[in-house]
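Single-structure report; data block below.
Proteins get letters first, then strands, A, B, ... in listed order; numbering begins at 1 in each.
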2 protein chains.
Amino acid sequence: MPVVDELDSEIIRLLQTDARQSNRELARRLGVAPSTCLERVRALTRRGVIRGYHADIAPAALNRSVQALVSVQVRPLSRAVIDTFKDSANALPEVLSVFVLAGGDDFLLHVAVQDLDHLHAFLLDRLSKRREIAGFRTSVIFQQEHDTAPSRLPSPTSAE
Amino acid sequence: MPVVDELDSEIIRLLQTDARQSNRELARRLGVAPSTCLERVRALTRRGVIRGYHADIAPAALNRSVQALVSVQVRPLSRAVIDTFKDSANALPEVLSVFVLAGGDDFLLHVAVQDLDHLHAFLLDRLSKRREIAGFRTSVIFQQEHDTAPSRLPSPTSAE
DNA sequence: CGGAATGGCTGGCAAAATGCCGGTCGTGGA
DNA sequence: TCCACGACCGGCATTTTGCCAGCCATTCCG
């Protein structure tokens, strides 16, 4: 399953950078025929290496300018409690992602909301009311940087 | 810039779910003409709402089966130290993303490595050697779930 | 050692999608 | 009322996709 050769790695790298480039462009950059490239991509998808393609959206445009990380401790530490909390947290619209952790905290929630008032409301209305939560700690995010850098922006007059 | 109407929101939602679907498919689901949909997507890109498209890759296929969150405290808390650490952390291949935080911790690093030995090596070789680091705490990630479906946050500009 | 089977790559072709352009409709202002 | 303006639509040339048969290197096996 995790058999990924050099060509596969290059395909993955290019698709991580820009998932919307055409198969022809992909093949051109890799120096292989488009049909070869297409079959490689399909094989990677079939094997579960490529799990999907997602657009990267500016949070501000969606009224989610304030982001925070919330460390959560739950009790008791049973599978039922953990699974239930994980699913319900994931279902909240403010929650971008849920981490289940080993160590001092049991969960880390990455949340995005409109402003600080909404963050406060989220903590009080969504978290404090849950009985299984033994405690939580919130850190507002000043900046966030991904290593998968924003790709080339498709420009209508782009020359190459 | 954050002028996003109902149609734009639907486009964003669909592209977050699957960024590789064709413009025709997108238009069909929205009930508009393909040319209309294409112009909308380009306008969203031009305005910076859509920042890019990225493939979602299974970490196991890239020898990144072990992921962890590392809380870091640096001293002194100056802009120079923070910016330097942020940039250098982001340049490390093991680091997926860097959060600059308000609160008890100054940074949170999301790292992905091959196994626990490599995690240990990362902590010792990359972090412990840095003088500005006052302390750090590592939490191994058992599970992570992303939110790729949601997005109707209660917002004052959403007219419905 | 030789022959055949296997897997991957290539090029080309029909079908589909993209990108562009002019036309149409509905709205708001003078 | 009339006009300007923006958004949407439909169609057409060009590009891209998806598929297929053939080629070549490697490997397996007699």
Side-chain angles (χ1 to χ4, degrees), chain A residues 1-58 61-63 150-160, chain B residues 1-58 61-63 152 155-160:
Chain A
M1 167 76 78
V3 184
V4 175
D5 64 8
E6 184 60 27
L7 184 56
D8 288 332
S9 295
E10 283 302 298
I11 290 175
I12 289 170
R13 191 179 58 80
L14 289 174
L15 286 180
Q16 276 181 323
T17 303
D18 178 9
R20 269 222 138 178
Q21 58 191 308
S22 70
N23 183 65
R24 250 187 151 76
E25 178 71 9
L26 210 57
R28 192 188 62 76
R29 294 184 192 222
L30 296 171
V32 299
S35 51
T36 300
C37 191
L38 180 67
E39 180 51 34
R40 288 294 192 123
V41 171
R42 281 200 288 211
L44 288 171
T45 304
R46 195 185 329 117
R47 286 189 288 158
V49 175
I50 296 177
R51 299 193 291 197
Y53 307 93
H54 306 291
D56 178 22
I57 305 298
L62 298 176
N63 287 315
S151 50
R152 62 172 177 92
L153 280 184
S155 162
T157 59
S158 83
E160 191 159 350
Chain B
M1 188 260 259
V3 184
V4 175
D5 66 5
E6 182 61 27
L7 184 57
D8 287 333
S9 294
E10 285 300 300
I11 290 175
I12 288 170
R13 191 179 58 80
L14 289 175
L15 286 181
Q16 277 181 322
T17 302
D18 178 11
R20 271 223 136 178
Q21 60 191 309
S22 70
N23 182 65
R24 261 187 142 75
E25 177 70 11
L26 209 57
R28 192 188 61 76
R29 292 181 195 228
L30 297 171
V32 297
S35 52
T36 300
C37 191
L38 180 66
E39 181 50 34
R40 288 294 192 124
V41 172
R42 282 200 287 210
L44 288 171
T45 304
R46 194 185 329 117
R47 287 189 287 156
V49 175
I50 296 176
R51 299 193 292 195
Y53 307 93
H54 305 288
D56 177 22
I57 305 299
L62 299 177
N63 286 318
R152 194 69 68 89
S155 99
T157 57
S158 95
E160 188 138 3

What one should report as the nearest heavy-atom pair of B:A61 and A:V4 is O-CG2, 3.8 Å
Partner set under side chain to side chain donor-acceptor pair (under 3.5 Å) for B:D5, not counting sequence neighbours:
B:R40
Whole-Å distance, A:L7 CG to C:dG8 C1', equals 11 Å
Could you give the CD-to-P distance, from A:E6 to C:dG8, as a whole number of Å?
17 Å
May I ask you to decide whether A:R20 forms a salt bridge with A:E25, counting only side-chain N to carboxylate O separations under 4.0 Å?
no
Pairing residues for A:L38 by the side chain to side chain contact (heavy atoms under 4.5 Å, CB included) criterion, not counting sequence neighbours:
A:N23, A:R42
Expressed as a whole number of angstroms, how long is the span from A:E39:CD to C:dT10:C1'?
13 Å
According to salt bridge (Lys or Arg N to Asp or Glu O under 4.0 Å), who are the partners of B:D56, at least two apart in sequence or on a separate chain?
A:R51
Take nucleotides 16-22 of chain D nucleotide by nucleotide from the 5' end and write B, S or -, depending on whether a protein heavy atom sits under 4.0 Å from the base, only from the sugar-phosphate, or from neither.
SBBB---
Whole-Å distance between C:dT10 C1' and A:R40 CZ?
14 Å
Side chain to side chain contact (heavy atoms under 4.5 Å, CB included) partners of B:R24, counting only residues at least two apart
B:S22, B:P34
To the nearest 0.5 Å, atom CG of B:D8 lies from atom CD1 of B:I12 at 6.0 Å
What bend angle does the helix from C:dC1-D:dG30 to C:dA30-D:dT1 show across its length, from five-pair end axes and to the nearest 10 degrees?
20°
Kindly compute the distance separating CG (A:L14) from CG (A:L30), expressed to the nearest 0.5 Å.
5.5 Å
